[in-house]
Amino acid sequence: MTIARLFFWIVVAAGLTAIVYTGVWHMFVLFAWQHPMLSWLPLLAVIVVGFLAAGVRNLAGAGARPLPNPKAFEKMASGITSAKLRERVEKMQRRRARFALGWGLLAGLAVLAAGLLCTLLSPPASGLSEIDYELVDELPQRTQPRLLPRASVDDDPRFTDVGETHLVRDPETGELMWSAEWQPALLSGPSQGVVTKPLDDVLSESSIHEGGFDHSVSAIAPNTLKGQAKIKHPFSRTQYPVLIPTGEGTAVAIAPYVGYKGFPFRYPYLKGVLVYHRDGTIEDLTPEEAAARPELARSGRIFPEAVARAQAEALARSDEFKGKIIDGDGNKQPYLTAIDAERTVWVTIISEKGGSNLAKAVVLADSTTGKTQVWRPGAGERLVSTQEAINEARALPLRWEERRCCDSDGHSYTVTLREVAEPRLAFKDGDPYYLVSVVPTDDLALPREIEYTLIVDGRTGETIRELNHVSGGGLADRQLQRFFK
């Protein structure tokens with residue numbers, strides 16, 4: 001074996017080891033399971049149709065190339081002196097008779113085209129019949145406001161050295177708070193604790209709960225939560241783990257995992273819940289077992305965001321609603337919202353199609369049980385869509401894009417300076433409001449991770465408050481917090 005070939009096989013082995021160790025293999029397995037019409041079904045169609053078409057052609061005798069008899073073949077190959085070449089020609093003729101490559105490829109391309117059409121351009125309302133929802137006449141009177149978007153949490157210096165940041169209910173008060181793993185390791189090392197910050201408090205500092213995990217929750221090695229989840233459930237998608245402080249120096253992480261039903265177009269459903277303890281122990285619970293555990297049910301994170309979004313999309317595409325979901329930049333709907341100390345819901349706005357900029361429905365999926373309620377405006381009721389809130393922010397006299405020079409080829413290019421993030425619904429004294437944020441991108445250097453917050457009247461679409469967190473600083477933060485007190 002030459003040195004070059006040895007080096008080649010070492011590189012291949014290292015690449016395969018990295019794919020297995022980091023869990024990248026799971027991406028391919030899950031894609032094949034979740035999207036059969038974009039992965040293995042076209043290949044299956046090529047094989048099956050190719051053999052069937054060849055068989056039909058041979059039986060019908062139309063268009064087939066019959067195998068030459070020995071005398072005819074000897075005459076045809078009389079000019080060929082090589083026995084191996086003569087054998088190769090004979091095999092090619094037999095292969096043509098057994099498999100119709102042209103018809104097989106045509107069938108495979110047809111299946112792939114249908115898959116692309118239904119998956120990307122016109123997805124079906126998959127799983128609509130499985131959604132058990134009830135229509136309600138009233139929206140909440142009051143909710144815990146999501147004052148600032150996810151991006152703003154990084155303004156807190158204690159959230160700069162953390163893993164993934166997500167919302168979870170405070171086990172004592174029942175209110176939502178930001179939670180993240182403090183000083184985690186990348187592969188499998190320990191973390192140092194949990195950082196938390198109330199969702200509706202932009203003035204106070206975050207809290208650090210010391211006592212991390214032996215193997216970091218956000219780590220990716222095979223012996224961690226994410227690694228074990230992929231090994232135990234290769235055909236499921238594990239949602240991001242959420243950390244819950246459970247006492248002095250103790251915490252658990254909860255991670256629902258999503259299975260996929262249906263064929264050939266699959267839809268997600270809650271399949272189970274993983275509970276990860278500090279010593280690396282993993283509990284694998286059914287949804288019913290998780291809901292029966294008070295400390296898990298109170299977290300408000302059993303029913304996963306991905307399923308709530310998929311169900312809202314199925315409802316929006318259905319003949320009953322015939323609407324669409326309009327998101328801002330970055331973090332998309334649904335948004336976790338606390339109705340009271342005992343109930344949190346995933347909130348998604350279904351907007352009307354066309355240019356009316358009105359909401360057609362509000363979907364509220366209980367984040368513990370998955371029970372779904374849908375509100376539709378009655379006679380005389382009005383709720384503007386998320387698009388109207390986004391338009392209000394876009395109307396600010398700001399520079400949203402900039403031409404810069406130059407790229408590696410010497411050409412000028414356009415960069416995005418600001419984005420409109422998280423048009424989220426909040427309620428105060430029975431009145432709906434949208435909170436919508438303007439956040440800088442990496443191409444715009446500002447001292448804050450959030451520049452503007454607009455409070456928009458949910459019924460009229462008019463901006464009530466325009467708060468500048470860069471120039472206004474703490475004053476803008478206090479005004480925002482005071483509005484919902």
Side-chain angles (χ1 to χ4, degrees), residues 133-149 176 199-200 202 308 312-313 315-316 320-329 331-340 343-365 372-397 420-438 450 452-468 476 479-485:
Y133 67 94
E134 64 171 330
L135 295 174
V136 294
D137 299 326
E138 295 182 351
L139 286 168
Q141 290 294 303
R142 186 177 184 85
T143 59
Q144 182 186 5
R146 187 186 184 108
L147 294 184
L148 297 178
L176 288 173
L199 175 66
D200 56 354
V202 296
E313 288 178 343
L315 290 171
E320 182 177 356
F321 294 95
K322 294 181 180 179
K324 60 181 179 179
I325 299 174
I326 302 174
D327 296 301
D329 301 313
N331 191 23
K332 297 181 178 181
Q333 300 179 75
Y335 299 127
L336 193 61
T337 305
I339 304 296
D340 52 42
R343 184 184 177 212
T344 54
V345 294
W346 292 108
V347 177
T348 310
I349 312 298
I350 299 178
S351 303
E352 290 186 355
K353 292 182 177 180
S356 68
N357 283 347
L358 292 177
K360 204 162 191 177
V362 179
V363 183
L364 305 100
T372 301
Q373 296 178 331
V374 180
W375 173 87
R376 303 183 72 171
E381 293 182 303
R382 189 175 189 269
L383 179 68
V384 300
S385 69
T386 52
Q387 184 64 64
E388 185 69 17
I390 293 171
N391 292 344
E392 285 292 300
R394 284 283 180 184
L396 292 174
V420 177
E422 296 188 20
R424 52 210 183 271
L425 201 57
F427 294 89
K428 174 186 176 183
D429 300 328
D431 296 322
Y433 299 93
Y434 278 105
L435 288 160
V436 59
S437 304
V438 177
I450 179 171
Y452 281 91
T453 296
L454 271 61
I455 303 176
V456 179
D457 190 304
R459 293 195 175 96
T460 66
E462 297 179 357
T463 299
I464 299 174
R465 297 283 192 279
E466 179 185 311
L467 305 172
N468 188 328
Q479 289 175 338
L480 175 60
Q481 189 161 316
R482 191 181 305 123
F483 181 86
F484 286 97
K485 290 299 184 180

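In this chain, numbering begins with 1 at the start of the sequence shown.
- Ion pairing between a basic and an acidic side chain is recognised when a charged N comes within 4.0 Å of a carboxylate O; Lys360 and Glu320 show no such pairing.
- A donor-acceptor pair under 3.5 Å links the side-chain atoms of Arg382 to the main chain of Arg459, judged by distance alone.
- Looking only at side-chain heavy atoms (C-beta outward), Lys428 and Arg142 come within less than 4.5 Å of each other.
- Side-chain atoms of Gln333 come within 3.5 Å of backbone atoms of Ile326 as a donor-acceptor pair (strictly under, hydrogens ignored).
- Note: Ile455 CD1 to Leu435 CG = 5.5 Å, rounded to the nearest 0.5 Å.
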**Request:** Under the side chain to side chain contact (heavy atoms under 4.5 Å, CB included) rule, what do Leu315 and Val363 come out as? Steps first, then yes or no, please.
**Result:** CA-CA 9 Å; Leu315 290 171; Val363 183; 4.2 Å; yes
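- Put simply, the side chain of Leu454 reaches to within 4.5 Å of the side chain of Leu396, judged on heavy atoms.
- Ala359 approaches Pro377 most closely through the heavy-atom pair O-CG, 3.9 Å.
- Distance alone, capped at 3.5 Å, is enough to place a donor-acceptor pair between the Glu381 side chain and the Gly378 backbone.
- Between Val420 and Arg394 the shortest side-chain heavy-atom distance falls below 4.5 Å.
- Note that CG of Leu147 is 9.5 Å distant from OG of Ser437, once rounded to the nearest 0.5 Å.
- Of all the heavy atoms in Arg343 and Gln373, the pair that sits closest is NH2-OE1, 3.1 Å.
- Counting only distance, with no hydrogens or angles, the side chain of Trp375 and the backbone of Val362 share no donor-acceptor pair below 3.5 Å.
- Ring orientation note: the planes of Tyr433 and Phe484 are nearly perpendicular, at an angle over 60° on the 30°/60° scale.
- Of the inter-residue distances, the one linking Ile349 atom CD1 with Arg424 atom CZ reads 13.0 Å to the nearest 0.5 angstrom.
- Rounding to the nearest 0.5 angstrom, the gap separating the OG1 atom in Thr337 from the CG atom in Leu176 is 7.5 Å.
- Leu358 places none of its side-chain heavy atoms less than 4.5 Å from the side chain of Ser385.
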**Request:** Assess whether side chain to side chain contact (heavy atoms under 4.5 Å, CB included) is satisfied between Val456 and Arg465, documenting all intermediate values.
**Result:** CA-CA 7 Å; Val456 179; Arg465 297 283 192 279; over 6 Å; no
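- Between the side chains of Thr463 and Glu392, at least one donor N or O sits under 3.5 Å from an acceptor N or O.
- With rounding to the nearest 0.5 Å, the separation of CG in Leu148 from CG in Leu199 is 8.5 Å.
- Heavy-atom minimum distance, Val438 versus Ala393: CG2-CB, 4.1 Å.
- Among all heavy-atom pairs drawn from Ala476 and Leu467, the shortest one is O-CD1, 3.8 Å.
- In this structure, CG on Leu139 lies 11.0 Å from CG on Asp431, to the nearest 0.5 angstrom.
- In terms of the salt bridge (charged side-chain N to carboxylate O under 4.0 Å, His left out) criterion, residue partners of Glu422 (sequence neighbours excluded) are, by chain and number, Arg146.
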**Prompt:** So Tyr335 and Leu425, side chain to side chain contact (heavy atoms under 4.5 Å, CB included) or not? Walk me through it.
**Reply:** CA-CA 8 Å; Tyr335 299 127; Leu425 201 57; over 6 Å; no
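- Taking every heavy atom of both residues into account, Ala316 and Ile325 meet most closely at CB-CG1, 4.3 Å.
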**Request:** Applying side chain to side chain contact (heavy atoms under 4.5 Å, CB included), run through Ile339 and Val345 and close with a yes or a no.
**Result:** CA-CA 7 Å; Ile339 304 296; Val345 294; 3.9 Å; yes
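- Asn357 places no side-chain N or O within 3.5 Å of a backbone atom of Gln387 that could act as its donor or acceptor partner.
- Remark: side-chain polar atoms of Lys324 are not paired, donor with acceptor, to backbone N or O of Ile350 under 3.5 angstrom.
- Checking side-chain atoms of Thr143 against main-chain N and O of Gln141 turns up no donor-acceptor pair under 3.5 Å.
- Between the side chain of Tyr434 and the backbone N or O of Val384, at least one donor-acceptor pair lies under 3.5 Å.
- In this structure, Thr372 and Ala365 approach most closely via the heavy-atom pair OG1-CB, 3.8 Å.
- When the shell of 6.0 Å around CD of Glu134 is examined, it contains more than 12 heavy atoms from other residues, nucleotides or ligands.
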